[in-house]
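Report on the following structure.
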Amino acid sequence: MDDTDGSFVAVRRISQGLDRNSCHSTSAEAVAGSAAWLGRGLSCVCVQGSDGDSRPSFDLTAAQEECLLKLQTRIEVAYDSSIPEHQEALKALWKAAFPEEELRDLITEQWKEMGWQGKDPSTDFRGGGFISLENLLFFARNFPKSFQDLLRKQEGDRSVWEYPFAVAGVNITFMLIQMLDLEAVKPRTLVGATFLKFLTGNTSKAFDSPPAISQNESAFDLLYCITFKLMDQQWLSMHASYMDFNTVMKSTRRQLERELLEDITLLEEMPSYSLLTR
């Protein structure tokens with residue numbers, strides 16, 4: 001994950017429209033403010049192991065190891081604007097977001113309409129990688145109404161200065177990777193170990209995923225959609241403005257952890273899943 005500095009752009013609302021061997025134990029700061037948010041201040045919800053070891057080992061089944069490895073492989077893919085597949089995915093995101101408006105170029109001021117920091121979205125993918133683009137596409141294709149509501153800030157009493165949609169999406173991808181400890185060989189947190197049962201379990205619905213990603217493996221993408229919608233609900237309930245983004249993300253993370261640790265067998269049983277509409 002890139003940790004270079006960069007600006008975080010607030011959007012004024014005009015109309016309603018693998019370090020694999022360490023365990024971070026810092027406070028649960030969320031990701032915002034600059035590109036340096038990526039990797040700073042995120043907590044590891046560790047459980048005490050035997051003999052005072054604060055890095056417990058959770059045994060994995062063969063299926064869990066396979067699914068985790070596939071997800072980690074996705075996470076490690078950096079966005080590369082020279083790769084045709086990545087270019088096509090970016091074009092597909094624009095088409096899903098603004099079907100009525102033609103994209104003039106891959107580098108254009110139009111991208112700011114979606115909440116990217118500049119005219120080249122590739123600079124914002126440094127922290128989230130290609131999977132953050134896949135997450136946004138999954139959201140747009142499977143929950144188009146919720147996607148459009150958040151993109152265009154169509155629900156609730158919005159702030160004059162809103163969070164930028166696309167950059168917030170990259171923040172969410174990174175936050176989930178950290179929360180679930182997905183860059184470790186084995187999960188070292190209870191919530192991370194719990195997530196694996198969804199990664200290898202069943203889903204009650206068929207989702208539109210890339211051909212290389214199975215329905216079970218799309219659990220991360222589905223959790224992403226739940227998280228994005230939950231974050232926006234927290235934003236509205238807290239009457240937040242762009243200066244409050246860190247606080248909103250911390251609150252969102254705490255709520256996610258609580259829901260994931262409930263006695264559920266499907267991500268669709270999480271209370272926050274009901275916030276999504278297709």
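Sequential numbering from 1 along the given sequence is applied to the chain's residues.
Side-chain atoms of Tyr163 and Asp232 include a donor-acceptor pair closer than 3.5 Å. Under the 3.5 Å distance criterion, with hydrogens and angles disregarded, a donor-acceptor pair is assigned to the side chains of Asn135 and Thr173. For Ser122 and Ser81, the side-chain atoms include no donor-acceptor pair closer than 3.5 Å. Checking Gln110 against Trp94 by side-chain atom types alone, no donor-acceptor pair falls below 3.5 Å.
Considering all non-hydrogen atoms of both residues, Asn142 and Arg278 come closest at O-NH1, 3.1 Å. Nearest heavy-atom pair, Leu267 versus Ile226, reported as atom, atom and distance to 0.1 Å: O-CD1, 3.9 Å. Of all heavy-atom pairs spanning Leu133 and Leu90, the tightest one is CD2-N, 3.8 Å. Minimum heavy-atom separation, Ala193 to Pro187: N-CB, 3.6 Å. Residues Leu106 and Pro121 come closest through the heavy atom pair O-CD, 3.9 Å. Gln234 approaches Ser251 most closely through the heavy-atom pair OE1-OG, 2.8 Å.
Remark: Phe195 engages no residue in a ring-ring contact (aromatic ring centres under 6.0 Å, His included) (not counting sequence neighbours). For the side-chain contact (heavy atoms from CB on, under 4.5 Å) test, residues two or more places apart in sequence or in another chain that qualify with Ile264 are Phe198, Glu262, Glu269, Met270. Judged as a salt bridge (charged side-chain N to carboxylate O under 4.0 Å, His left out), and not counting sequence neighbours, the contacts of Glu88 are Lys91.
Rounded to the nearest 0.5 Å, atoms CD1 (Ile172) and OH (Tyr224) are 5.5 Å apart. Expressed to the nearest 0.5 Å, how far CZ of Phe139 lies from CG of Leu151 amounts to 10.0 Å. Here the straight-line distance linking atom CG of Leu230 with atom CD of Glu259 works out to 6.5 Å at 0.5 Å rounding.
Connection of Trp235 to Met238 is established within a shared hydrophobic cluster, with ILVMFWY side chains joined at heavy-atom distances below 4.5 Å, either directly or through further cluster members. Residues Ile83 and Leu103 fall into different hydrophobic clusters, defined by Ile, Leu, Val, Met, Phe, Trp and Tyr side chains chained together at heavy-atom separations under 4.5 Å.
No more than 12 heavy-atom neighbours from other residues, nucleotides or ligands sit within 6.0 angstrom of CE on Met243.
Taking the side chain as every heavy atom from C-beta outward, Val191 and Asp181 never approach each other to under 4.5 Å.
Under the side-chain contact (heavy atoms from CB on, under 4.5 Å) rule, Gln64 has a single partner from Thr200, Leu199, Leu69, which is Thr200. Of the listed residues (Phe130, Trp116, Phe174, Trp111), just one forms a ring-ring contact (aromatic ring centres under 6.0 Å, His included) with Phe125, and that residue is Trp116.
Between Arg254 and Glu257, none of the side-chain N atoms (NZ, or NE/NH1/NH2) sits under 4.0 Å from a carboxylate O, so this pair counts as no salt bridge. Electrostatic pairing of Asp221 and Arg74 counts as a salt bridge here, judged by a charged N lying under 4.0 Å from a carboxylate O.
Using bins of under 30°, 30° to 60° and over 60° for the plane-to-plane angle, the ring pair Phe228/Phe165 lands in the parallel bin.
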